[in-house]
Every structure is written in C-alpha cells, then in structure tokens.
Participant: 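Have a look at this one before I ask anything.
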Amino acid sequence: MTQIIDGKAISAAIKDELKAEVESLKGEGTQICLAVIQVGNDPASAVYVGNKKKACAYIGIDSLAYELPEETTQEELLKLIAELNDKGEVNGILVQLPLPDHIDEDEVIRAIDPKKDVDGFHPQSVGALCIGQPGFVSCTPAGIIQLLKRSGIEIAGKECVVIGRSNIVGKPMALLLLRENGTVTVAHSKTKNLQEITKRADILVVAVGRPKMITREYVKEGAVVIDVGIHRNENNKLCGDVDYDDVAPICSAITPVPGGVGPMTIAMLMHNCVEAGTRR
Ligand code: NAD
C-alpha cells in the first residue's frame, strides 16, 4: 500500500507546536515579529502574502505588512530594509518575490540582515548550510525534510535524486539531504539519461517545473516520491511535476498535489521566524 504523505496534517501539527512555543515565549516577555514587503500588485504574490499574514496571526506572531507601489525604486526598497534591519522588535524580514524588473533581486536579498533572513535566501545563509553551520534554511526544502522525518522515512544511506538545481529548491534540497547522510545526485536540464539516474533513487525529489513530467518510467518500484511542482492543468485543477495517478501505485510513499509539499513552506517560514526570535 502506498503511503500518502499528508503535508496538510504535518504542517498543521508544526504550526500548533509553534503556537505553543510562541505562547510560552510571550510569557517570558518575548514577542516575535515578521515584516513582509510586497512591491507591486501581482495577484499570486498578494495571495502568498495574505497566507503568510494568516499563519502569523494563527501562531501569535506579529506581522508588519509593507505594500509598496510597483514604481518603488531600488533605493527606496533598500532604505526600508535598512530600517527594518535596525528595528530591534522585528525578528524576520521577508521580501515577496518576484520583484518588478527594475529592481535587482540579488541586491535586495543581500541587503537583508542574515540574522533576519527567514527565507534563507541570503548568500550567508546558503553558505552556512553548505558548510554545516547554523543559519536559516530555504523553507520549501526544509519542509520536505520534515515531511520525510515525520512520515518515518529514513534518509541516511539512501540514494537520493533531486531533479532541479534552482537556488530556492533544488540546490538547498541536495545540501539538506546530504546533511541527513543521504547519497545525493542532482539532475537538471542538461543531464543525460535522466531515467537511468532517477530509477536509482530510493528518495526522488522532483522540482523540475514541468507539469506531470515524471511518469513511472522514471521511478524505481518502492521509491519515495516528493513532488515540489505546482501547476494548474487544462481544467484549472492543481497538479504537480509528477504524474500522480501513474506513479503512486508503484511507490512506497508519495506527496500529493495539492496537500503535500505546498503547505509545508509556510509552516517552515513560521518555524524560521520563531528561531529568529529565540536566537536573539
Ligand atoms: P526552476 O524553474 O527555477 O528550476 C527548475 C529546474 O529544473 C532547473 O534547475 C532545471 O535545470 C531543471 N529542469 C528543467 N527541465 C528539465 C528537464 N527536462 N530535465 C531535467 N531537469 C530539468 O523551478 P523551481 O523554482 O525550483 O521550482 C520547481 C517547481 O516547484 C515549480 O513547479 C514551482 O512552481 C514549484 N515550487 C513549489 C513550491 C512549494 O511551496 N510547493 C516552492 C517553490 C517552487
């Protein structure tokens, strides 16, 4: 029987644990606060920002929302980040991506104080992950590690294949699996014989950004399959990078879309905010 990894339930459990922790921190006089900056009015970004505010309210984290107009300049944005870096009561700073084209995303990310970099995108956070030092970890891959651990799936010694090498999913995912003592291979758009490589995987993480690309021809019988993709299909229904109906019957465990990896990202953002507050 295939185990369906329930990201909704696991993320709800994490949020409840954090809520209790935030409550007890309040008792000791510590209030956690996240600043969320959105530039422009991209509808998808507005939904993500709204969900982050809702999660903060549920857990008991204060959220400061900065909704800036599309024409905000790079200098204005950097000035706001510098102010938030200096604000003692702000523990975490999140700039919702993507930013409008006239703003240099890399420079904006570098401007955030790494101690407040709850998205884990700052080069210092990525470097710390790479050399095994404390730092914030990108939320989606951190959530995947939680999904595996809380579903009783052992990583140590396993053949792990990650498809995708993006800075926010593929690369940190590979580093985290390595930290958990997996034997890790990263496949990408220039990889030859992809099926041969993915068929070796005991744990296959798919972050390829192509709807239903991964069919059972790519998957070893009994593998654990983690689907990071989110797309809308022709009927406006959500689907992943994995062809779920084709793959699920042959694997030992799989994440559905929706309800798998997706809900974990916000839960781990909240986790990082609490960590930012307690590290202070
Ligand atoms: P991306 O487009 O930045 O990266 C895709 C990666 O896939 C690239 O590194 C590329 O080399 C690789 N790739 C592309 N075509 C390939 C092919 N034919 N064979 C092998 N490799 C190939 O995407 P991303 O930001 O890493 O996101 C991946 C998916 O995950 C997207 O569907 C995105 O929407 C989704 N996502 C979900 C969450 C979440 O919270 N669930 C978070 C971030 C991204």
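Computed from a prediction, not measured in an experiment: that's the story for all the values here. As the structure lists them, so they are numbered: ligands from 1, and atoms in each ligand from 1. Along the sequence shown, residues are numbered consecutively beginning with 1.
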Participant: Just to verify, what does Asp42 make a salt bridge (charged side-chain N to carboxylate O under 4.0 Å, His left out) with, not counting sequence neighbours?
Facilitator: none
Participant: Within 45° of the six-membered ring axis of Phe136 and under 6.0 Å from that ring's centre, is NZ or CZ of Arg279 located there?
Facilitator: yes
Participant: Applying a heavy-atom distance cut-off of 4.0 Å, which protein residues contact ligand 1?
Facilitator: Thr140, Ile163, Gly164, Arg165, Ser166, Val169, His188, Ser189, Leu194, Ala207, Val208, Gly209, Arg210, Met213, Val228, Gly229, Ile230, His231, Asp241, Val261, Gly262, Thr265
Participant: Do you know which two heavy atoms are closest between Ile153 and Ile5, and how far apart they sit?
Facilitator: CD1-CD1, 3.8 Å
Participant: According to the side-chain hydrogen bond (donor to acceptor under 3.5 Å, both in side chains) rule, which pairs have a member within residues 144-162, sequence neighbours left out?
Facilitator: Glu17-Arg150, Gln146-Arg150, Lys149-Glu180
Participant: For Ile197 and Val161, which heavy atoms make the closest approach, and how far apart are they?
Facilitator: O-CG2, 3.6 Å
Participant: Name all residues meeting the side-chain contact (heavy atoms from CB on, under 4.5 Å) criterion together with Asn233; count only those two or more places apart in sequence or in a different chain, and write none if there are none.
Facilitator: Asn235, Lys237, Cys239
